[in-house]
Amino acid sequence: MKIQSIRGMNDLLPDQSTTWQYLERVIADVLARYGYSEIRFPILEQTELFKRSIGEVTDIVEKEMYTFEDRNGDSLTLRPEGTASCVRACNQNGLLHNQIQRLWYNGPMFRHERPQKGRLRQFHQVGVEAFGLNGPDIDAELLLLTARLWKALKIDHAVTLQINSLGTAADRAAYRAALVDFLSARQDQLDEDSQRRLHSNPMRILDSKNTHTQALLNDAPSLHDFIDSESREHFEQLRSVLDAAGVSYQVNSRLVRGLDYYSKTVFEWVTDSLGAQGTVCAGGRYDGLVEQLGGKPCPGVGFAMGLERLVLLLDELGVVPDSVAQIIDVYLVAVGAADAQALVLGETLRSDCPNIRFQTHCGAGSFKSQMKKADKSGASIALILGEDEAQNNTVGIKFLREDRPQETVDQSELGQLLNTLIKD
């Protein structure tokens, strides 16, 4: 019996990895332009970290976490999201007190959900977090940053920004009580999932996908009626920056997010190009989380974007540049007894042409079979080194993607010529 991968934990094959690398490069470049630094932390954490941060009555903690006891009897969990781990790492290493930090991370997260398109049990997120800043300006910067990222990826026409304010913890507690009163009187009209959430996490009912429940909510109390004046002002200032910068958005009063630690600003970037799995980036402000996890009070705001869904969106829209799929630029063919010299020539060219990708043929084979592999490789040029060329210190240049005659040049001139022929 062959051993298979775990359901919902997929392999990333070579023909897919080039798109992932392209996406990750663009994200890293945009984040660097805004002054964000990368942080890395373990995929395993103490289970208590996520219970205290996400909330014990959330779906993630109740049903989705991969939790087990290690040999010491400690309860450990594969991280289901990155913010809690980032806060833990910053608290532990003294990065937050009286400091401003702009950080980002990239890596796998784990949730035991029903696998489907765009939703896996091992999935990958890029997370961005900013600490030590109270005002709406940093909220706005994160949204401007993501808007710039969508333009860089050429998907800005396919995503829509939705924003909302959750107010303070006290605001939400008052609203929660009013919402429970309203829904309890109509409990028999709620869908099964909403009935389960009614007394454990009632605000998540606002995000229900059930059309009947959504219609029922039209008459429910509005969260905006419970938000304090400071939170209202914060939200209005955020909107004014987005308006001034020309970033379009929708105010979605039912946007609440699924984690307990959010306050004030919450947002999602959504698309209708991927069916039901429409959220590609989401986040918000979490001013009480650092203190909740044992640190000194420190405001925070951030977001996470799912790479699987972004890759699906890039493929769906056909916006990945053709050059991304090209693994190499030049294929070096070695004929006869020239194998060893071809390897040496390849090393020389990699030094002389640092921006050009070379592949030297290995494994012998006829000239015809090697040229077939050169063509299949996607390279634009084949360098041909036979016994005559090796003896005369020359090399043949065959253009694989252009209708140009084959040339023979001196090896000493080859690096300079290739740098001219192949641009970045």
Side-chain angles (χ1 to χ4, degrees), residues 8-34 36 80-83 104-111 113-129 141-164 207 209 242 245-250 252 255 257-259 266-284 302-327:
M9 299 186 180
N10 294 356
D11 301 309
L12 182 62
L13 303 179
D15 64 343
Q16 303 165 309
S17 64
T18 51
T19 299
W20 280 71
Q21 291 167 358
Y22 163 71
L23 174 60
E24 290 168 342
R25 281 197 305 270
V26 174
I27 292 173
D29 177 65
V30 170
L31 289 168
R33 294 173 66 189
Y34 281 80
Y36 284 74
E81 60 96 36
T83 300
W104 71 277
Y105 49 87
N106 179 17
M109 310 292 167
F110 302 84
R111 296 184 192 178
E113 301 180 283
R114 184 171 63 87
Q116 53 188 289
K117 183 179 179 180
R119 186 189 291 272
L120 299 173
R121 291 176 176 174
Q122 176 177 311
F123 57 100
H124 297 78
Q125 284 185 342
V126 167
V128 179
E129 319 287 357
E141 178 180 271
L142 290 177
L143 294 175
L144 296 175
L145 183 158
T146 47
R148 183 173 296 277
L149 174 61
W150 310 144
K151 289 180 181 178
L153 292 170
K154 296 181 173 55
I155 61 173
D156 51 304
H157 63 287
V159 292
T160 301
L161 173 62
Q162 297 183 354
I163 61 174
N164 193 22
D207 201 30
K209 301 298 187 289
L242 297 178
V247 175
S248 299
Y249 60 88
Q250 301 171 353
N252 180 357
L255 176 60
R257 303 297 300 135
L259 309 180
V266 289
F267 60 87
E268 290 186 359
W269 287 93
V270 298
T271 181
D272 58 8
S273 298
L274 295 178
Q277 303 303 325
T279 302
V280 295
C281 175
F303 65 81
M305 61 182 81
L307 297 188
E308 279 84 0
R309 292 187 189 177
L310 283 173
V311 168
L312 285 173
L313 187 57
L314 292 174
D315 289 341
E316 180 70 24
L317 299 176
V319 293
V320 179
D322 292 339
S323 59
V324 169
Q326 186 175 343
I327 305 298

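Computed over heavy atoms, backbone and side chain alike; hydrogens, waters and symmetry mates excluded.
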Residue pair Trp20, Leu314: steps toward the side-chain contact (heavy atoms from CB on, under 4.5 Å) verdict: CA-CA 10 Å; Trp20 280 71; Leu314 292 174; over 6 Å; no

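- Separating the CD atom in Glu81 from the CZ atom in Phe110 is a distance of 13.5 Å, to the nearest 0.5 Å.
- At a threshold of 4.5 Å between non-hydrogen side-chain atoms, the residues Leu307 and Glu24 count as touching.
- In this structure the side chain of Tyr22 reaches within 4.5 angstrom of the side chain of Leu153, judged on heavy atoms.
- With values rounded to the nearest 0.5 angstrom, Thr83 atom OG1 is found 3.5 Å from Glu129 atom CD.
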Stepwise side-chain contact (heavy atoms from CB on, under 4.5 Å) test for Met305 and Ile27: CA-CA 10 Å; Met305 61 182 81; Ile27 292 173; 3.8 Å; yes

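- Considering OG1 of Thr19 and CG of Leu23, their distance stands at 9.0 Å, rounded to 0.5 Å.
- More than 12 non-hydrogen atoms from other residues, nucleotides or ligands lie less than 6.0 angstrom from CG of Asp15.
- Between the side chains of Gln250 and Thr160, not a single donor N or O lies within less than 3.5 Å of an accepting N or O.
- Put simply, NZ on Lys151 and OG1 on Thr146 are 11.0 Å apart, with the number rounded to the nearest 0.5 Å.
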Arg114 vs Arg119, side-chain contact (heavy atoms from CB on, under 4.5 Å): CA-CA, chis, key distance, verdict: CA-CA 8 Å; Arg114 184 171 63 87; Arg119 186 189 291 272; over 6 Å; no

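- For the pair Met109 and Pro80, the minimum side-chain heavy-atom distance is 4.5 Å or more.
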Verdict with supporting geometry, Thr18 and Val320, side-chain contact (heavy atoms from CB on, under 4.5 Å): CA-CA 10 Å; Thr18 51; Val320 179; over 6 Å; no

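- With values rounded to the nearest 0.5 angstrom, Gln21 atom CD is found 7.0 Å from Ile327 atom CD1.
- Side-chain contact between Leu313 and Val159 is present, with at least one heavy-atom pair separated by less than 4.5 Å.
- Checking side-chain atoms of Arg121 against main-chain N and O of Glu113 turns up a donor-acceptor pair under 3.5 Å.
- Every side-chain contact (heavy atoms from CB on, under 4.5 Å) that Glu268 has, sequence neighbours left out, goes to Leu255, Arg257, Val270, Thr279, Ala282.
- Residues satisfying the side-chain contact (heavy atoms from CB on, under 4.5 Å) test with Ala147, not counting sequence neighbours, are Val247, Trp269.
- Note: Phe267 CZ to Leu142 CG = 5.5 Å, rounded to the nearest 0.5 Å.
- Summarising the geometry of Ala152 relative to Val30, their closest heavy-atom pair is CB-CG2, 4.4 Å, with the distance given to 0.1 Å.
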